Every structure is written in structure tokens, then in C-alpha cells.
Amino acid sequence: MPDKPYISIVIPVYNEELNLPPLIDRLYPVMEQIGKPFEIIFTDDGSRDSSLSILQGMAEKFPEVRVIEFNGNFGQHMAILAAFEKSTGKIVITLDADLQNPPEEIPRLVREVEKGHDVVGTIRQKRRDSMFRKVASRIVNITTNKMTGMHMSDYGCMLRAYHRNVVNNINRCQETTTFIPALAQTFSANPTEIEVAHAERSEGESKYSLYKLIRLNFDLMTGFSVVPLQLFALMGILTALFSVAFAVFLLVRRFIIGAEVEGVFTLFAILFFFIGIIIFGIGLVGEYVGRIYQEVRKRPRYVVRRLHGFGE
Ligand code: UDP
Ligand code: MG
């Protein structure tokens with residue numbers, strides 16, 4: 001076994017067979033150049049391609065590589081959390097397996113932590129994703145900052161560095177659904193952000209369908225803030241006030257003009273609009289109730305089938 005690691009690299013993997021060999025080829029020189037003891041923890045998030053056997057091979061070949069084998073697909077954030085719990089480095093760095101985050105940026109992240117920052121966030125420079133993803137991210141970044149009172153320029157970039165203390169606090173949380181950069185931010189005393197390069201996905205396709213992206217953003221919005229509920233209550237009050245004013249207006253017209261029956265379809269339009277808002281409201285409450293339900297069931301958040309390369 002090598003020395004106790006100073007840096008832990010954490011990488012979630014879901015069907016990334018083509019990306020793993022080039023990733024390791026680029027990561028190792030960078031880590032060796034830093035010259036401190038390190039470990040690389042991969043979590044295989046239930047891959048159905050040959051990712052797991054490639055990772056097993058790496059764990060046998062490289063003493064620094066460890067692999068957590070999940071019993072199924074529990075999602076990127078659970079994969080990272082499992083690796084956090086196993087990590088021992090003083091600095092923990094998360095990275096995507098698809099080479100969108102260049103490993104060459106790691107030394108800069110390490111330097112920022114060594115300067116005393118306990119969370120080093122990143123902003124993707126010249127982000128290489130579809131227009132749709134970029135616009136959606138902008139909206140998410142702005143609304144999340146407003147709602148949570150946090151300040152992060154780029155919630156989506158997973159190339160980040162965390163000090164051991166922050167990781168320990170994250171490990172104490174037992175939330176079933178979470179969003180790690182936001183969770184880390186709540187424990188950070190001295191965060192910073194740097195710009196990093198961003199590449200196109202090297203091989204394969206994004207593992208996030210539109211539905212999974214929407215789910216993830218609900219986790220971010222409802223997991224870190226009750227502002228959506230509060231806004232909804234506020235909107236209800238405003239609508240009620242407006243309808244009282246409208247009723248008074250109609251009453252006065254009734255006395256001045258007499259009975260009126262025109263505008264029935266306008267009325268329908270208005271009605272449908274409000275029904276839409278009500279359904280949205282029920283859904284929103286449902287999001288929170290669902291989260292509470294998941295928490296109280298206290299089921300295991302993920303299931304590890306086997307560990308590779310951890311010694312023993
Ligand atoms: N990932 C994972 N489990 C999942 C989905 C994704 O471990 O259910 C991993 C994936 O292998 C990659 C990282 O999370 O290393 C980011 O995924 P992806 O590149 O598909 O996301 P995008 O860059 O499109 O946001
Ligand atoms: Mg990616």
C-alpha cells in the first residue's frame with residue numbers, strides 16, 4: 001500500500017468504457033507531476049458495458065486506483081457520495097469520466113485549496129455543450145442563487161476541489177437525494193471559484209436524458225430551499241386579493257349596467273389558467289412530500305456490491 005493519500009480523486013462512471021483508458025493516461029502524469037501521494041476512487045454506477053472490468057483491471061495494475069462497485073444505477077451524486085465516504089485524502093477532487101473536465105486543471109485546484117479555500121468551485125470557460133443545455137444552465141444558475149441565497153456561477157461543473165473538513169460534513173448528511181456542489185457550499189467557510197477549460201464529451205453520449213436533468217434540477221431547487229413553496233403561498237394571496245377586487249368591480253357594474261353574459265370564453269381562459277396554477281402548486285407540494293417520504297423510509301441510499309483495490 002502506498003502512503004496515506006494527500007489527494008483523493010473521485011470519479012463516477014456509468015457506461016464510459018471508451019473514455020476510461022484515455023482518462024487514466026492523462027490523469028496519471030498530472031498526479032505524478034504534483035508529487036504527493038494520491039488515490040483515485042472510481043465508483044461504477046451499475047454500468048452495463050465493460051467499464052467495470054476495465055476498472056477492475058486498473059485497480060489490479062495501479063496501487064492508487066480503488067473501485068467501488070455499485071449494485072445498480074444510483075446516480076452520479078450517490079456515486080460521488082459513496083467515494084467521499086471511502087476517501088481519505090486531505091484534498092478531495094471530483095471529476096467526470098467523459099474527459100469534459102481536463103485533468104490538467106487539477107494542480108490549479110490543489111493550489112487554491114492550499115491557499116486556504118475549503119471549496120474550489122469552477123466556471124466552465126467556453127462551455128462545449130448544446131445551446132439548449134447552456135441556456136437551461138443559465139436559468140438554473142440564476143434562479144438557484146436567488147432562491148438559496150448561495151452564490152455560485154456554475155452549479156453544473158463537477159470539476160471541483162473540497163477540503164477534508166467539508167467532505168466530512170457532507171458524509172454526515174444522510175439525504176437520499178442531493179446535489180453535491182450545493183451541499184458543499186452550505187458547509188464552506190471560505191469558498192472560491194476559478195475558470196477552467198471545458199471540452200466536448202470525448203466518447204459516448206450524455207448520461208442525462210431531459211427527464212433526468214429536470215429531476216436533478218428539482219433536487220437542486222427543492223432540496224436546498226423552501227422558497228418555491230413560499231412564493232406559491234404569496235401568489236395565492238395575491239390572486240385572492242385580485243379576485244376580491246374583481247368581484248367588487250363586477251358588483252358595481254351589475255348595478256350600473258345590469259346583467260351581462262358576454263365574455264364566457266374569456267372566463268374559461270382565465271379559469272384554465274388558474275387551474276393550471278393550482279395543478280402546478282399541488283405538484284410542487286408533492287415534490288416536497290415525496291422528498292419527506294423518501295427520507296422517512298430510511299432505505300439505504302446506494303448498495304455496494306464489492307470493493308476493489310482498497311486493500312484486504
Ligand atoms: N454518471 C453516473 N451515473 C449516472 C449518470 C452519470 O455515474 O447515472 C457519471 C458519468 O459517467 C460521468 C458523469 O457522471 O462521469 C457526468 O455524466 P455526463 O457526462 O453524462 O453528464 P453531462 O456532462 O452530460 O452533464
Ligand atoms: Mg459530461
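Numbering of ligands and ligand atoms starts at 1, following listing order. These numbers were taken from a predicted model, which means no experiment stands behind them.
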Novice: Under 6.0 Å from the CD atom of Glu205, do we count more than 12 heavy atoms belonging to anything else shown?
Specialist: no
Novice: Can you list the atoms of ligand 1 that are under 4.0 Å from a heavy atom of Asp96?
Specialist: 13 (C), 15 (O), 16 (C)
Novice: If I take every N, O or S atom of Asp96, is at least one of them less than 2.8 Å from the Mg ion (ligand 2)?
Specialist: no
Novice: Out of His77, Arg133, Glu16, Met78, indicate the one that has the non-hydrogen atom closest to atom 25 (O) of ligand 1.
Specialist: Arg133
Novice: Between the candidates Tyr208, Tyr14, Phe74, Phe42, which shows the shortest non-hydrogen contact distance to atom 21 (O) of ligand 1?
Specialist: Tyr208
Novice: Give, for atom CD1 of Ile24 and atom CD1 of Ile11, the distance between the pair rounded to the nearest 0.5 Å.
Specialist: 6.5 Å
Novice: Would you mind checking which non-hydrogen protein atom is closest to atom 5 (C) of ligand 1, with the distance to 0.1 Å?
Specialist: Lys207 CB, 3.5 Å
Novice: Heavy-atom distances under 4.0 Å decide this one: backbone, side chain, both or neither, for Asn73 against ligand 1?
Specialist: side chain
Novice: If you have a sec, work out which protein heavy atom is nearest atom 19 (O) of ligand 1 and how many Å separate them, to one decimal?
Specialist: Asp98 OD2, 2.6 Å
Novice: From Glu16 CD over to Asp49 CG, what is the distance, rounded to the nearest 0.5 angstrom?
Specialist: 8.0 Å
Novice: With a heavy-atom distance limit of 4.0 Å, tell me whether Met158 approaches ligand 1 through its side chain, its backbone, both, or neither.
Specialist: neither
Novice: Would you mind checking if Arg201 and Asp96 are paired as a salt bridge, meaning a charged N to carboxylate O distance below 4.0 Å?
Specialist: no
Novice: Give me the ring orientation class for Phe179 and Tyr155: parallel if the planes are under 30° apart, tilted from 30 to 60°, perpendicular past 60°.
Specialist: tilted
Novice: Distance alone, cut at 3.5 Å: any donor-acceptor contact between the side chains of Asn168 and Arg164?
Specialist: yes
Novice: Could you tell me which atoms of ligand 1, counted from 1 in the order shown, lie closer than 4.0 angstrom to a heavy atom of Val13?
Specialist: 7 (O), 11 (O)
Novice: With heavy atoms of Gly75 as the reference, note each atom of ligand 1 found under 4.0 Å away.
Specialist: 3 (N), 8 (O)
Novice: What atom name does the N, O or S atom of Asp98 nearest to the Mg ion (ligand 2) carry?
Specialist: OD2
Novice: Do Thr94 side-chain atoms and Met158 backbone N/O form a donor-acceptor pair below 3.5 Å?
Specialist: yes
Novice: On the 0 to 90° scale, with breaks at 30° and 60°, tag the Phe70-Phe74 ring pair as parallel, tilted or perpendicular.
Specialist: perpendicular
Novice: Should we say atom CZ of Phe280 is surrounded by more than 12 heavy atoms from elsewhere, each under 6.0 Å from it?
Specialist: no
Novice: How far is atom 4 (C) of ligand 1 from the closest protein heavy atom, and which atom is that?
Specialist: Asp45 OD2, 3.4 Å
Novice: Could you identify the single nearest non-hydrogen protein atom to atom 24 (O) of ligand 1 and state the distance to 0.1 Å?
Specialist: Ser206 OG, 2.6 Å
Novice: Has Gln100 got an N, O or S atom lying less than 2.8 Å from the Mg ion (ligand 2)?
Specialist: yes
Novice: Can you pull out the closest protein heavy atom to atom 23 (O) of ligand 1? Residue, atom name and distance to 0.1 Å, please.
Specialist: Gln100 OE1, 2.7 Å
Novice: Could you find the nearest protein heavy atom to atom 9 (C) of ligand 1 and give me its residue, atom name and distance?
Specialist: Pro12 O, 3.8 Å
Novice: Which protein non-hydrogen atom lies closest to atom 18 (P) of ligand 1, naming both residue and atom, and how far is it?
Specialist: Arg201 NH2, 3.4 Å
Novice: Rounded to the nearest 0.5 Å, how far does CD1 of Ile93 lie from CG of Leu159?
Specialist: 7.5 Å
Novice: Would you call Glu114 and Lys36 a salt bridge, taking side-chain N to carboxylate O under 4.0 Å as the test?
Specialist: yes
